[in-house]
Amino acid sequence: MQTPEWLRPALYGAACGAVALAVIGFSWGGWVTGSSARQMAQSQSKTDLVAALSLICIDQSTRDPLLAARLAELKAASAYSRGDLVVKAGWATMPGMTEANAQVAKACATKLAG
C-alpha cells in the first residue's frame with residue numbers, strides 16, 4: 001500500500017503537537033498525575049482536620065479553671081515549647097482519645113497565644 005505524500009508531515013505535526021501539549025499542560029496548565037493529586041488531597045485534608053480540631057482545643061481551654069494562669073505561662077513561653085504546654089494542660093486531647101495530637105497542640109497554642 002502506498003501512503004500519500006502529505007501523510008508524513010501530518011503525522012510529524014500531530015506528534016510534535018501532542019508533545020508540546022503535554023509539556024505545556026503539565027508545566028503551566030496545572031495538570032498533575034493521579035498520585036500527585038492524591039498526595040495534595042491528603043495534605044489538604046490533614047490541614048483542614050488540624051484546623052477543625054484546634055477549635056475543639058480552644059473550646060476545651062475555655063473550660064479549664066486554671067485558664068488565666070496557663071495562658072500567661074503560654075504567652076511567656078517560647079513559640080517552640082507552646083505546643084508542649086497545651087499538651088500538658090490536656091487541651092489537645094480530643095474527646096474519646098487517650099493521647100494528644102502534637103499538630104493540633106501547636107495550632108491551638110498559636111491561636112491562644114496570638
Exercise. Would you kindly confirm whether Leu85 and Tyr80 end up in one hydrophobic cluster when ILVMFWY residues are joined by side chain heavy atoms under 4.5 Å apart?
Key: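 No; Tyr80 is not reachable from Leu85 via cluster members.
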Practice problem: Scan for salt bridge (Lys or Arg N to Asp or Glu O under 4.0 Å) pairs involving residues 79-99, sequence neighbours excluded, and state none if there are none. | Solution: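 Qualifying pairs: none.
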Enumerate donor-acceptor pairs with a distance under 3.5 Å from any side-chain N or O in residues 19-35 to protein atoms, sequence neighbours excluded.
| from | atom 1 | to | atom 2 | distance (Å) |
| --- | --- | --- | --- | --- |
| Ser27 | OG | Val23 | O | 2.6 |
| Thr33 | OG1 | Ser35 | OG | 3.4 |
| Thr33 | OG1 | Ser36 | N | 3.4 |
| Thr33 | OG1 | Ser36 | OG | 3.1 |

Self-check item: Check: Arg8 and Thr3 side chains under 4.5 Å, non-hydrogen atoms
Solution: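 Not in contact.
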Exercise. Using modelled atom types only, decide if a donor and an acceptor are shared between the side chain of Thr110 and the backbone of Lys106 within a distance under 3.5 Å.
Key: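 Checked: pair present.
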Quiz item: Could you give the distance from CD (Glu73) to OG (Ser81), rounded to the nearest 0.5 Å?
Solution: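 Reported to 0.5 Å precision, the distance equals 8.5 Å.
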Practice problem: To the nearest 0.5 angstrom, please state how far the OG1 atom of Thr47 sits from the CD atom of Gln44. | Solution: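 Output value for this atom pair is 5.5 Å.
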Donor-acceptor pairs are to be reported for all side-chain atoms of residues 50-69 against protein atoms at under 3.5 Å, with residues two or more places apart or in another chain.
| from | atom 1 | to | atom 2 | distance (Å) |
| --- | --- | --- | --- | --- |
| Ser54 | OG | Val50 | O | 3.4 |
| Ser54 | OG | Ala51 | O | 2.8 |
| Ser54 | OG | Lys111 | NZ | 2.9 |
| Asp59 | OD2 | Arg63 | NE | 3.2 |
| Asp59 | OD2 | Arg63 | NH2 | 2.9 |
| Gln60 | NE2 | Thr93 | O | 3.4 |
| Ser61 | OG | Ile58 | O | 2.5 |
| Thr62 | OG1 | Asp59 | O | 2.6 |
| Asp64 | OD1 | Leu66 | N | 3.0 |
| Asp64 | OD2 | Arg70 | NH1 | 2.4 |
| Asp64 | OD2 | Trp91 | NE1 | 3.0 |

